[in-house]
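Here is the structure we will look at.
In what follows, chains carry the letters A, B, and so on, assigned in the order in which the sequence lines appear, proteins first and then strands, with residues in each chain numbered from 1.
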Amino acid sequence: MTGIRLYNTRTRTKEDFVPFDAMDVRMYVCGPTVYDRAHLGNARPVLVFDTLFRLLRHVYGADHVRYVRNFTDVDDKINATAVARKEAGAEGTLEDLIHQRTEETIGWYHADMDALGAMRPTAEPRATEYIGAMVAMIQGLIDKGHAYEVSGHVLFDVRSYPEYGRLSGRSVDDMIAGARVEVAPYKRDPMDFVLWKPSDASLPGWDSPWGRGRPGWHIECSAMSFELLGTSFDIHGGGIDLQFPHHENEIAQSCCAHPGSDFARVWMHNEMLLVEGKKMSKSLGNFFTVRELLEQGYPGEVVRFVMLSTHYRKPMDWTAEKAEQATLKLLAYSRTCERFAAGYIPDSSRASAHVIEALADDLNTHLALATLDAEHKKAEQMGDARTLADTMALLGFINFEGPISPEHEWIEKKGFDLNALAEKLAALRAAAMETKNFASVDALKSALIAAGVEVRMSKAGVELVPGAGFDAAKLDGL
RNA sequence: GGUGGGUUGGCGGAGAGGUUACGCACCGGAUUGCAAAUCCGUGAAGACCGGUUCGAUUCCGGUACCCACCUCCA
(Lines give C-alpha, C1' and ligand atoms only; values in the text may rest on other atoms or scores of the structure.)
Protein backbone atom coordinates (compact mmCIF):
# COMPACT_ATOMS: atom_id res chain seq x y z
CA MET A 1 0.00 0.00 0.00
CA THR A 2 1.21 3.48 -0.83
CA GLY A 3 2.51 5.27 2.25
CA ILE A 4 1.00 8.71 2.48
CA ARG A 5 2.90 11.49 4.21
CA LEU A 6 1.15 14.69 5.22
CA TYR A 7 2.32 17.92 6.79
CA ASN A 8 0.52 18.35 10.08
CA THR A 9 0.09 21.96 11.14
CA ARG A 10 -0.35 20.81 14.71
CA THR A 11 3.15 19.33 14.91
CA ARG A 12 4.68 21.38 12.10
CA THR A 13 6.24 18.33 10.57
CA LYS A 14 5.55 15.97 7.74
CA GLU A 15 4.28 12.72 9.22
CA ASP A 16 3.39 9.26 8.03
CA PHE A 17 -0.36 9.15 7.69
CA VAL A 18 -1.85 6.37 9.80
CA PRO A 19 -5.65 6.35 9.88
CA PHE A 20 -7.55 5.35 13.01
CA ASP A 21 -9.34 2.78 10.89
CA ALA A 22 -8.11 1.96 7.39
CA MET A 23 -11.60 0.69 6.60
CA ASP A 24 -13.10 4.06 7.49
CA VAL A 25 -10.80 6.97 6.80
CA ARG A 26 -12.43 10.24 7.86
CA MET A 27 -11.81 13.80 6.74
CA TYR A 28 -13.56 17.04 7.63
CA VAL A 29 -13.05 20.24 5.69
CA CYS A 30 -14.49 23.63 6.53
CA GLY A 31 -16.84 24.60 3.76
CA PRO A 32 -18.23 27.89 2.56
CA THR A 33 -20.53 30.36 4.18
CA VAL A 34 -23.30 30.41 1.63
CA TYR A 35 -23.98 34.09 1.24
CA ASP A 36 -22.79 34.64 -2.34
CA ARG A 37 -21.09 33.13 -5.39
CA ALA A 38 -17.83 31.37 -4.61
CA HIS A 39 -14.79 33.41 -5.53
CA LEU A 40 -11.60 31.93 -6.93
CA GLY A 41 -10.05 31.75 -3.47
CA ASN A 42 -12.87 29.53 -2.32
CA ALA A 43 -11.96 27.07 -5.03
CA ARG A 44 -8.49 26.41 -3.71
CA PRO A 45 -9.30 24.33 -0.62
CA VAL A 46 -12.01 22.59 -2.62
CA LEU A 47 -9.49 21.43 -5.23
CA VAL A 48 -6.72 20.69 -2.73
CA PHE A 49 -8.90 18.48 -0.58
CA ASP A 50 -10.65 17.00 -3.59
CA THR A 51 -7.23 15.81 -4.71
CA LEU A 52 -6.54 14.41 -1.26
CA PHE A 53 -9.96 12.72 -1.27
CA ARG A 54 -9.14 11.10 -4.60
CA LEU A 55 -5.76 9.95 -3.31
CA LEU A 56 -7.29 8.48 -0.15
CA ARG A 57 -9.93 6.69 -2.20
CA HIS A 58 -7.22 5.34 -4.43
CA VAL A 59 -5.15 4.05 -1.53
CA TYR A 60 -7.85 2.89 0.91
CA GLY A 61 -10.67 2.14 -1.52
CA ALA A 62 -13.54 4.32 -2.61
CA ASP A 63 -15.89 2.80 -0.03
CA HIS A 64 -13.50 3.29 2.86
CA VAL A 65 -13.15 7.06 2.86
CA ARG A 66 -15.63 9.57 4.21
CA TYR A 67 -15.27 13.24 3.42
CA VAL A 68 -17.49 15.77 5.19
CA ARG A 69 -17.65 19.39 4.13
CA ASN A 70 -20.16 21.68 5.77
CA PHE A 71 -22.28 24.54 4.51
CA THR A 72 -22.46 27.45 6.92
CA ASP A 73 -25.96 28.73 6.46
CA VAL A 74 -26.20 30.75 9.66
CA ASP A 75 -24.48 34.03 9.09
CA ASP A 76 -25.07 37.75 9.35
CA LYS A 77 -24.28 38.39 5.70
CA ILE A 78 -27.00 35.92 4.69
CA ASN A 79 -29.36 37.65 7.06
CA ALA A 80 -28.45 41.01 5.59
CA THR A 81 -29.27 39.85 2.06
CA ALA A 82 -32.59 38.47 3.24
CA VAL A 83 -33.44 41.67 5.08
CA ALA A 84 -32.54 43.71 2.01
CA ARG A 85 -34.81 41.57 -0.14
CA LYS A 86 -37.64 41.87 2.32
CA GLU A 87 -37.28 45.62 2.37
CA ALA A 88 -37.33 45.57 -1.43
CA GLY A 89 -40.72 43.97 -1.19
CA ALA A 90 -39.93 40.26 -1.57
CA GLU A 91 -42.66 37.79 -0.61
CA GLY A 92 -42.42 35.48 2.38
CA THR A 93 -41.10 35.54 5.94
CA LEU A 94 -37.53 36.42 6.77
CA GLU A 95 -36.85 32.74 7.41
CA ASP A 96 -38.17 31.90 3.93
CA LEU A 97 -35.96 34.53 2.36
CA ILE A 98 -32.93 33.30 4.24
CA HIS A 99 -33.64 29.77 3.17
CA GLN A 100 -34.10 30.94 -0.40
CA ARG A 101 -30.76 32.71 -0.33
CA THR A 102 -28.85 29.75 1.08
CA GLU A 103 -30.56 27.35 -1.32
CA GLU A 104 -29.63 29.36 -4.39
CA THR A 105 -26.08 29.87 -3.14
CA ILE A 106 -25.62 26.16 -2.51
CA GLY A 107 -26.91 25.48 -6.00
CA TRP A 108 -24.37 27.87 -7.47
CA TYR A 109 -21.61 26.42 -5.37
CA HIS A 110 -22.35 22.92 -6.57
CA ALA A 111 -22.54 23.99 -10.20
CA ASP A 112 -19.29 25.93 -10.00
CA MET A 113 -17.30 23.28 -8.13
CA ASP A 114 -18.66 20.52 -10.37
CA ALA A 115 -17.32 22.50 -13.30
CA LEU A 116 -13.87 22.38 -11.75
CA GLY A 117 -14.04 18.61 -11.60
CA ALA A 118 -14.39 18.48 -7.82
CA MET A 119 -16.16 15.39 -6.53
CA ARG A 120 -19.01 15.93 -4.12
CA PRO A 121 -18.01 15.06 -0.56
CA THR A 122 -19.62 12.07 1.11
CA ALA A 123 -21.71 14.40 3.25
CA GLU A 124 -22.46 18.11 3.10
CA PRO A 125 -24.23 18.98 6.34
CA ARG A 126 -25.81 22.36 6.85
CA ALA A 127 -25.41 24.17 10.14
CA THR A 128 -29.14 24.79 10.44
CA GLU A 129 -29.74 21.03 10.48
CA TYR A 130 -27.52 20.59 13.53
CA ILE A 131 -28.69 23.33 15.87
CA GLY A 132 -29.86 20.69 18.36
CA ALA A 133 -26.45 19.05 18.39
CA MET A 134 -24.81 22.41 18.95
CA VAL A 135 -27.11 23.28 21.84
CA ALA A 136 -26.34 19.92 23.41
CA MET A 137 -22.61 20.43 23.03
CA ILE A 138 -22.79 23.93 24.48
CA GLN A 139 -24.77 22.64 27.44
CA GLY A 140 -22.14 19.97 27.98
CA LEU A 141 -19.41 22.60 27.99
CA ILE A 142 -21.30 24.65 30.58
CA ASP A 143 -21.79 21.54 32.72
CA LYS A 144 -18.10 20.74 32.60
CA GLY A 145 -17.15 24.28 33.56
CA HIS A 146 -15.69 25.29 30.22
CA ALA A 147 -18.36 27.80 29.29
CA TYR A 148 -20.53 30.37 31.03
CA GLU A 149 -23.71 32.22 30.32
CA VAL A 150 -23.82 35.97 30.64
CA SER A 151 -26.44 38.44 29.42
CA GLY A 152 -27.97 36.06 26.88
CA HIS A 153 -24.61 34.95 25.51
CA VAL A 154 -22.77 31.74 26.16
CA LEU A 155 -19.01 32.14 26.07
CA PHE A 156 -16.20 29.64 26.02
CA ASP A 157 -13.74 30.13 28.86
CA VAL A 158 -10.30 29.89 27.23
CA ARG A 159 -8.54 29.86 30.58
CA SER A 160 -10.22 26.55 31.33
CA TYR A 161 -8.34 24.90 28.49
CA PRO A 162 -4.58 25.08 29.01
CA GLU A 163 -3.86 23.86 25.49
CA TYR A 164 -5.58 26.86 23.93
CA GLY A 165 -3.30 28.38 21.29
CA ARG A 166 -1.26 25.28 20.63
CA LEU A 167 -2.35 24.79 17.02
CA SER A 168 -1.47 28.31 15.99
CA GLY A 169 1.56 28.61 18.24
CA ARG A 170 0.23 31.43 20.32
CA SER A 171 -0.27 31.92 23.98
CA VAL A 172 -3.37 33.57 25.36
CA ASP A 173 -1.22 36.22 27.00
CA ASP A 174 0.58 37.10 23.76
CA MET A 175 -2.66 37.41 21.93
CA ILE A 176 -4.14 39.71 24.49
CA ALA A 177 -1.05 41.89 24.28
CA GLY A 178 -1.44 42.29 20.53
CA ALA A 179 -5.23 42.25 20.40
CA ARG A 180 -6.80 44.70 18.03
CA VAL A 181 -10.37 43.82 18.77
CA GLU A 182 -12.56 45.69 21.13
CA VAL A 183 -13.36 43.47 24.05
CA ALA A 184 -16.97 42.96 25.04
CA PRO A 185 -17.34 44.00 28.68
CA TYR A 186 -19.11 40.81 29.75
CA LYS A 187 -16.19 38.55 28.83
CA ARG A 188 -14.23 37.05 31.69
CA ASP A 189 -11.16 36.98 29.48
CA PRO A 190 -10.66 39.00 26.31
CA MET A 191 -10.02 35.84 24.28
CA ASP A 192 -13.25 34.12 25.31
CA PHE A 193 -15.38 33.50 22.26
CA VAL A 194 -19.08 33.16 21.59
CA LEU A 195 -20.83 29.80 21.55
CA TRP A 196 -24.35 31.18 21.51
CA LYS A 197 -25.69 34.68 21.04
CA PRO A 198 -29.16 36.14 21.37
CA SER A 199 -31.30 37.00 18.35
CA ASP A 200 -33.86 39.74 18.33
CA ALA A 201 -37.08 39.41 16.40
CA SER A 202 -35.49 40.64 13.16
CA LEU A 203 -32.95 37.82 13.09
CA PRO A 204 -33.26 34.09 12.69
CA GLY A 205 -33.18 32.27 16.00
CA TRP A 206 -33.76 28.98 17.71
CA ASP A 207 -35.04 28.29 21.20
CA SER A 208 -32.41 27.24 23.69
CA PRO A 209 -31.90 27.02 27.45
CA TRP A 210 -30.41 30.52 27.14
CA GLY A 211 -33.30 32.03 25.26
CA ARG A 212 -33.97 32.52 21.57
CA GLY A 213 -30.68 32.89 19.74
CA ARG A 214 -28.25 31.53 17.21
CA PRO A 215 -24.95 29.68 17.44
CA GLY A 216 -21.52 31.24 17.20
CA TRP A 217 -19.55 30.37 14.12
CA HIS A 218 -17.08 27.87 15.54
CA ILE A 219 -19.43 25.49 17.30
CA GLU A 220 -21.04 24.19 14.12
CA CYS A 221 -17.92 22.41 12.91
CA SER A 222 -17.35 20.84 16.32
CA ALA A 223 -20.94 19.62 16.47
CA MET A 224 -21.16 18.38 12.89
CA SER A 225 -17.81 16.63 12.84
CA PHE A 226 -18.77 14.88 16.07
CA GLU A 227 -22.18 13.83 14.77
CA LEU A 228 -20.88 12.59 11.45
CA LEU A 229 -17.33 11.42 12.13
CA GLY A 230 -17.18 10.81 15.88
CA THR A 231 -14.98 12.19 18.64
CA SER A 232 -11.76 11.34 16.81
CA PHE A 233 -11.11 11.40 13.11
CA ASP A 234 -8.15 11.54 10.78
CA ILE A 235 -7.87 14.78 8.87
CA HIS A 236 -9.23 18.26 9.38
CA GLY A 237 -8.64 20.76 6.62
CA GLY A 238 -9.28 24.34 5.61
CA GLY A 239 -7.63 27.58 4.61
CA ILE A 240 -4.69 28.87 6.63
CA ASP A 241 -6.76 31.88 7.58
CA LEU A 242 -8.98 29.54 9.58
CA GLN A 243 -6.11 28.27 11.68
CA PHE A 244 -6.80 31.04 14.13
CA PRO A 245 -9.25 31.54 15.59
CA HIS A 246 -11.67 29.12 13.95
CA HIS A 247 -9.72 25.90 14.24
CA GLU A 248 -8.19 26.81 17.56
CA ASN A 249 -11.69 27.31 18.90
CA GLU A 250 -12.95 24.10 17.36
CA ILE A 251 -10.21 22.18 19.12
CA ALA A 252 -10.98 23.84 22.44
CA GLN A 253 -14.70 23.09 22.14
CA SER A 254 -14.37 19.53 20.92
CA CYS A 255 -11.59 18.46 23.25
CA CYS A 256 -13.34 19.95 26.28
CA ALA A 257 -16.69 18.46 25.27
CA HIS A 258 -15.14 15.04 24.71
CA PRO A 259 -12.25 14.73 27.16
CA GLY A 260 -9.69 12.14 26.20
CA SER A 261 -10.53 12.23 22.50
CA ASP A 262 -8.02 13.19 19.84
CA PHE A 263 -10.46 15.22 17.79
CA ALA A 264 -8.58 15.61 14.49
CA ARG A 265 -5.25 13.87 14.24
CA VAL A 266 -3.85 15.72 11.22
CA TRP A 267 -4.51 19.38 10.56
CA MET A 268 -3.97 20.60 7.03
CA HIS A 269 -4.09 24.19 5.86
CA ASN A 270 -3.87 25.53 2.36
CA GLU A 271 -2.19 28.86 1.73
CA MET A 272 -4.05 31.79 0.24
CA LEU A 273 -4.60 32.81 -3.35
CA LEU A 274 -3.04 35.79 -5.10
CA VAL A 275 -4.05 37.28 -8.44
CA GLU A 276 -1.18 38.57 -10.59
CA GLY A 277 0.98 38.77 -7.47
CA LYS A 278 -1.49 40.62 -5.31
CA LYS A 279 -4.02 39.59 -2.76
CA MET A 280 -7.41 39.25 -4.36
CA SER A 281 -9.62 42.02 -3.12
CA LYS A 282 -12.56 44.00 -4.31
CA SER A 283 -10.72 47.28 -3.83
CA LEU A 284 -7.86 46.26 -6.12
CA GLY A 285 -10.32 45.27 -8.80
CA ASN A 286 -8.83 41.81 -9.14
CA PHE A 287 -11.66 40.05 -7.39
CA PHE A 288 -13.62 37.52 -9.36
CA THR A 289 -15.83 34.52 -8.88
CA VAL A 290 -15.36 31.07 -10.32
CA ARG A 291 -18.44 31.62 -12.42
CA GLU A 292 -17.04 34.78 -13.96
CA LEU A 293 -13.89 32.94 -14.89
CA LEU A 294 -15.87 30.13 -16.50
CA GLU A 295 -17.98 32.62 -18.39
CA GLN A 296 -14.86 34.31 -19.70
CA GLY A 297 -14.17 31.02 -21.41
CA TYR A 298 -11.67 29.44 -19.04
CA PRO A 299 -12.55 25.76 -18.92
CA GLY A 300 -12.89 24.28 -15.44
CA GLU A 301 -10.05 21.88 -16.18
CA VAL A 302 -7.75 24.83 -16.77
CA VAL A 303 -8.65 26.41 -13.45
CA ARG A 304 -8.03 23.07 -11.81
CA PHE A 305 -4.70 22.61 -13.54
CA VAL A 306 -3.46 26.05 -12.53
CA MET A 307 -4.57 25.49 -8.94
CA LEU A 308 -2.74 22.19 -8.74
CA SER A 309 0.41 23.59 -10.30
CA THR A 310 1.37 25.19 -6.98
CA HIS A 311 1.87 23.23 -3.80
CA TYR A 312 -1.02 23.78 -1.42
CA ARG A 313 1.18 25.16 1.37
CA LYS A 314 2.49 27.96 -0.79
CA PRO A 315 0.65 31.06 -1.88
CA MET A 316 -0.93 30.39 -5.25
CA ASP A 317 -0.60 33.15 -7.80
CA TRP A 318 -3.34 33.10 -10.45
CA THR A 319 -2.09 34.69 -13.67
CA ALA A 320 -3.47 34.82 -17.18
CA GLU A 321 -0.19 33.41 -18.43
CA LYS A 322 -0.46 30.32 -16.27
CA ALA A 323 -3.99 29.76 -17.49
CA GLU A 324 -2.74 30.03 -21.05
CA GLN A 325 0.01 27.48 -20.47
CA ALA A 326 -2.36 25.14 -18.68
CA THR A 327 -4.77 25.32 -21.61
CA LEU A 328 -2.06 24.38 -24.08
CA LYS A 329 -0.98 21.46 -21.92
CA LEU A 330 -4.46 20.12 -21.53
CA LEU A 331 -5.14 20.49 -25.22
CA ALA A 332 -2.02 18.52 -26.02
CA TYR A 333 -2.97 15.76 -23.57
CA SER A 334 -6.46 15.66 -24.90
CA ARG A 335 -5.24 15.24 -28.47
CA THR A 336 -2.89 12.49 -27.47
CA CYS A 337 -5.74 10.70 -25.73
CA GLU A 338 -7.86 11.16 -28.80
CA ARG A 339 -5.21 9.64 -31.01
CA PHE A 340 -4.00 6.84 -28.82
CA ALA A 341 -6.88 6.02 -26.49
CA ALA A 342 -10.02 6.73 -28.46
CA GLY A 343 -13.00 4.92 -26.98
CA TYR A 344 -10.98 3.82 -23.97
CA ILE A 345 -12.72 4.13 -20.63
CA PRO A 346 -10.23 5.67 -18.19
CA ASP A 347 -9.74 3.88 -14.90
CA SER A 348 -8.18 6.00 -12.19
CA SER A 349 -7.13 2.90 -10.25
CA ARG A 350 -4.57 2.25 -12.97
CA ALA A 351 -3.07 5.74 -12.80
CA SER A 352 0.68 6.18 -13.06
CA ALA A 353 2.45 5.02 -9.92
CA HIS A 354 4.79 7.98 -10.14
CA VAL A 355 1.90 10.38 -9.92
CA ILE A 356 0.47 8.53 -6.94
CA GLU A 357 3.86 8.68 -5.32
CA ALA A 358 4.05 12.44 -5.87
CA LEU A 359 0.61 12.96 -4.38
CA ALA A 360 1.38 10.68 -1.46
CA ASP A 361 4.25 12.99 -0.53
CA ASP A 362 2.19 15.68 1.14
CA LEU A 363 0.13 16.25 -1.97
CA ASN A 364 2.93 17.34 -4.25
CA THR A 365 0.56 18.25 -7.04
CA HIS A 366 3.15 20.19 -8.95
CA LEU A 367 5.39 17.18 -9.18
CA ALA A 368 2.35 15.11 -10.08
CA LEU A 369 1.65 17.40 -13.02
CA ALA A 370 5.28 17.26 -14.10
CA THR A 371 4.96 13.49 -14.01
CA LEU A 372 1.75 13.69 -15.99
CA ASP A 373 3.71 15.59 -18.58
CA ALA A 374 6.23 12.77 -18.71
CA GLU A 375 3.35 10.32 -19.14
CA HIS A 376 2.19 12.39 -22.07
CA LYS A 377 5.59 12.17 -23.68
CA LYS A 378 5.68 8.46 -23.08
CA ALA A 379 2.21 8.05 -24.56
CA GLU A 380 3.33 9.81 -27.72
CA GLN A 381 6.38 7.60 -28.00
CA MET A 382 4.59 4.35 -27.27
CA GLY A 383 1.48 5.22 -29.22
CA ASP A 384 -0.61 4.25 -26.22
CA ALA A 385 -2.33 6.89 -24.11
CA ARG A 386 -4.22 4.64 -21.73
CA THR A 387 -2.05 5.36 -18.70
CA LEU A 388 -2.16 9.05 -19.52
CA ALA A 389 -5.95 8.86 -19.56
CA ASP A 390 -6.07 6.85 -16.35
CA THR A 391 -3.83 9.37 -14.64
CA MET A 392 -5.81 12.31 -15.91
CA ALA A 393 -8.91 10.64 -14.52
CA LEU A 394 -7.30 10.31 -11.10
CA LEU A 395 -6.28 13.95 -11.10
CA GLY A 396 -9.81 14.96 -12.03
CA PHE A 397 -9.21 16.11 -15.57
CA ILE A 398 -11.45 13.45 -17.07
CA ASN A 399 -14.68 12.01 -15.81
CA PHE A 400 -14.31 8.74 -13.98
CA GLU A 401 -16.92 6.95 -16.01
CA GLY A 402 -17.04 8.34 -19.50
CA PRO A 403 -14.73 7.45 -22.36
CA ILE A 404 -12.36 10.04 -23.78
CA SER A 405 -14.27 12.59 -25.74
CA PRO A 406 -13.08 13.30 -29.28
CA GLU A 407 -11.99 16.71 -28.14
CA HIS A 408 -12.24 18.43 -24.84
CA GLU A 409 -15.52 20.04 -24.10
CA TRP A 410 -14.27 23.60 -24.37
CA ILE A 411 -13.28 23.10 -27.97
CA GLU A 412 -16.43 21.21 -28.80
CA LYS A 413 -18.46 23.89 -27.12
CA LYS A 414 -17.10 26.43 -29.51
CA GLY A 415 -18.01 23.91 -32.19
CA PHE A 416 -17.13 25.07 -35.60
CA ASP A 417 -16.61 22.94 -38.65
CA LEU A 418 -13.15 23.71 -39.90
CA ASN A 419 -13.15 21.02 -42.59
CA ALA A 420 -14.40 23.33 -45.33
CA LEU A 421 -11.66 25.82 -44.58
CA ALA A 422 -9.09 23.06 -44.42
CA GLU A 423 -10.12 21.88 -47.88
CA LYS A 424 -10.06 25.40 -49.21
CA LEU A 425 -6.60 25.96 -47.83
CA ALA A 426 -5.40 22.64 -49.23
CA ALA A 427 -6.76 23.53 -52.68
CA LEU A 428 -5.16 26.97 -52.65
CA ARG A 429 -1.91 25.45 -51.58
CA ALA A 430 -1.97 22.81 -54.29
CA ALA A 431 -2.56 25.55 -56.87
CA ALA A 432 0.18 27.70 -55.40
CA MET A 433 2.63 24.85 -55.62
CA GLU A 434 2.12 25.03 -59.39
CA THR A 435 2.11 28.78 -59.83
CA LYS A 436 4.72 29.51 -57.15
CA ASN A 437 2.47 32.32 -55.98
CA PHE A 438 1.67 31.77 -52.32
CA ALA A 439 0.03 35.12 -51.58
CA SER A 440 -3.55 33.83 -51.26
CA VAL A 441 -2.42 30.80 -49.24
CA ASP A 442 -0.56 32.99 -46.81
CA ALA A 443 -3.49 35.39 -46.52
CA LEU A 444 -5.90 32.65 -45.55
CA LYS A 445 -3.34 31.15 -43.25
CA SER A 446 -2.75 34.38 -41.36
CA ALA A 447 -6.48 34.91 -41.02
CA LEU A 448 -6.84 31.46 -39.50
CA ILE A 449 -3.95 32.06 -37.14
CA ALA A 450 -5.46 35.38 -36.14
CA ALA A 451 -8.63 33.49 -35.22
CA GLY A 452 -6.65 31.24 -32.91
CA VAL A 453 -6.48 28.26 -35.24
CA GLU A 454 -3.37 26.17 -35.38
CA VAL A 455 -2.48 25.57 -39.02
CA ARG A 456 -0.59 22.38 -39.73
CA MET A 457 0.45 21.80 -43.31
CA SER A 458 2.50 18.81 -44.23
CA LYS A 459 2.91 16.50 -47.17
CA ALA A 460 0.07 14.47 -45.73
CA GLY A 461 -2.32 17.38 -46.06
CA VAL A 462 -3.77 20.30 -44.18
CA GLU A 463 -4.97 20.06 -40.60
CA LEU A 464 -6.72 22.83 -38.72
CA VAL A 465 -6.91 22.65 -34.96
CA PRO A 466 -8.66 25.20 -32.75
CA GLY A 467 -6.15 26.52 -30.24
CA ALA A 468 -6.43 28.02 -26.79
CA GLY A 469 -7.62 31.42 -27.98
CA PHE A 470 -9.88 30.15 -30.74
CA ASP A 471 -12.56 32.63 -31.79
CA ALA A 472 -15.06 31.35 -34.34
CA ALA A 473 -16.42 34.84 -34.95
CA LYS A 474 -13.17 35.85 -36.62
CA LEU A 475 -13.68 33.17 -39.25
CA ASP A 476 -16.70 34.88 -40.74
CA GLY A 477 -16.23 35.62 -44.41
CA LEU A 478 -13.25 33.34 -44.96
C1' G B 1 3.69 43.98 18.81
C1' G B 2 2.76 38.36 18.35
C1' U B 3 2.77 33.86 15.03
C1' G B 4 3.94 31.32 10.66
C1' G B 5 5.95 31.07 5.70
C1' G B 6 8.95 32.52 1.60
C1' U B 7 13.51 34.34 -1.36
C1' U B 8 16.13 28.82 -7.11
C1' G B 9 18.14 29.91 -14.36
C1' G B 10 14.23 35.06 -18.81
C1' C B 11 9.39 33.19 -16.43
C1' G B 12 6.77 29.33 -13.56
C1' G B 13 8.36 25.70 -10.20
C1' A B 14 10.42 20.73 -7.70
C1' G B 15 13.45 17.07 -5.54
C1' A B 16 18.02 15.56 -3.47
C1' G B 17 24.39 16.94 1.01
C1' G B 18 28.12 15.11 -4.16
C1' U B 19 25.14 12.52 -10.25
C1' U B 20 20.39 16.68 -16.15
C1' A B 21 14.42 18.18 -12.22
C1' C B 22 10.66 19.48 -15.27
C1' G B 23 7.62 22.90 -18.12
C1' C B 24 7.28 27.50 -20.96
C1' A B 25 10.43 30.95 -23.51
C1' C B 26 15.25 31.43 -26.06
C1' C B 27 19.10 29.47 -29.39
C1' G B 28 20.97 25.44 -33.02
C1' G B 29 19.43 21.25 -36.14
C1' A B 30 15.74 17.92 -38.74
C1' U B 31 11.12 18.79 -41.22
C1' U B 32 8.15 22.74 -44.24
C1' G B 33 6.84 26.57 -50.45
C1' C B 34 7.33 29.82 -45.74
C1' A B 35 5.41 28.58 -41.20
C1' A B 36 2.94 25.82 -37.42
C1' A B 37 2.99 21.23 -34.94
C1' U B 38 6.45 17.39 -33.93
C1' C B 39 11.36 15.32 -33.02
C1' C B 40 16.71 15.90 -31.62
C1' G B 41 20.17 19.03 -29.16
C1' U B 42 22.79 23.43 -26.53
C1' G B 43 22.97 27.22 -22.98
C1' A B 44 21.22 29.33 -18.31
C1' A B 45 20.16 29.09 -11.15
C1' G B 46 19.89 28.87 -6.19
C1' A B 47 18.80 36.84 -1.94
C1' C B 48 23.24 38.28 1.16
C1' C B 49 27.02 37.10 5.14
C1' G B 50 29.16 33.47 8.13
C1' G B 51 29.50 28.25 10.11
C1' U B 52 29.46 22.60 9.83
C1' U B 53 31.56 19.25 5.86
C1' C B 54 36.32 16.27 1.71
C1' G B 55 32.04 18.79 -0.67
C1' A B 56 25.89 22.82 0.33
C1' U B 57 21.49 25.60 -3.73
C1' U B 58 20.25 21.40 -0.13
C1' C B 59 22.05 21.35 7.21
C1' C B 60 22.94 25.47 11.19
C1' G B 61 23.20 30.82 12.65
C1' G B 62 22.64 35.87 11.27
C1' U B 63 21.15 40.03 7.78
C1' A B 64 17.99 42.09 4.10
C1' C B 65 13.59 42.00 1.52
C1' C B 66 8.63 39.93 0.60
C1' C B 67 4.02 37.66 2.15
C1' A B 68 0.13 35.75 5.19
C1' C B 69 -2.62 35.35 9.82
C1' C B 70 -3.86 37.80 14.53
C1' U B 71 -10.76 41.42 11.60
C1' C B 72 -17.12 35.01 11.28
C1' C B 73 -12.37 36.52 4.07
C1' A B 74 -10.83 29.63 1.99
Could you check whether A:Gln243 gets within reach of a base, just the sugar-phosphate, or nothing at all, counting any heavy atom under 4.0 Å?
nothing
Just checking A:Lys445: base, sugar-phosphate only, or nothing, at a heavy-atom cut-off of under 4.0 Å?
base
Within the 4.0 Å heavy-atom criterion, would you say A:Arg44 contacts the bases, only the backbone, or no part of the nucleic acid?
nothing
To the nearest Å, give me how far apart CZ (A:Phe244) and C1' (B:G1) are.
15 Å
Nearest of B:A14, B:G33, B:A68 to any side-chain atom of A:Leu367?
B:A14
Considering every strand and a 4.0 Å limit on heavy-atom distances, what is the contact class for A:Val46: base, sugar-phosphate, or nothing?
nothing
Just checking A:Asp76: base, sugar-phosphate only, or nothing, at a heavy-atom cut-off of under 4.0 Å?
nothing
Considering the options A:Thr9, A:Asn8, A:Asp241, which one meets the side-chain hydrogen bond (donor to acceptor under 3.5 Å, both in side chains) requirement together with A:His269?
A:Thr9
For B:A21, the Watson-Crick or wobble partner whose two distances fall under 3.5 Å
none
Closest of B:A14, B:G12, B:C34 to the A:Lys322 side chain is B:G12
Check the side chains of A:Tyr35 and A:Asp76 for a donor-acceptor pair under 3.5 angstrom, ignoring hydrogens and angles.
no
Watson-Crick or G-U wobble mate for B:A47, both contacts under 3.5 Å
B:U63
Taking it one step at a time, do A:Thr371 and A:His354 satisfy side chain to side chain donor-acceptor pair (under 3.5 Å)?
CA-CA 7 Å; A:Thr371 312; A:His354 298 295; over 6 Å; no
Between A:Gly41 and A:Ala332, just flag the one whose closest nucleotide in RNA chain B comes earlier from the 5' side.
A:Ala332
A:Trp217 side chain: which of B:C72, B:G23, B:A14 is closest?
B:C72
Hey, which of these two, A:Asn42 or A:Leu274, hits RNA chain B nearer its 5' end, going by closest nucleotide?
A:Leu274
To the nearest Å, how far apart are A:Asp241 CG and B:U3 P?
20 Å
Begin with the C-alpha distance, continue with both residues' side-chain angles, and end with the deciding distance and a verdict on side chain to side chain contact (heavy atoms under 4.5 Å, CB included) for A:Tyr28 and A:Met224.
CA-CA 9 Å; A:Tyr28 186 96; A:Met224 291 189 283; 4.0 Å; yes
May I ask you to say what A:His39 touches in the nucleic acid, namely base, sugar-phosphate or nothing, with a heavy-atom cut-off under 4.0 Å?
base
Tell me the interatomic distance from A:Leu369, atom CG, to B:G23, atom P, rounded to whole angstroms.
13 Å
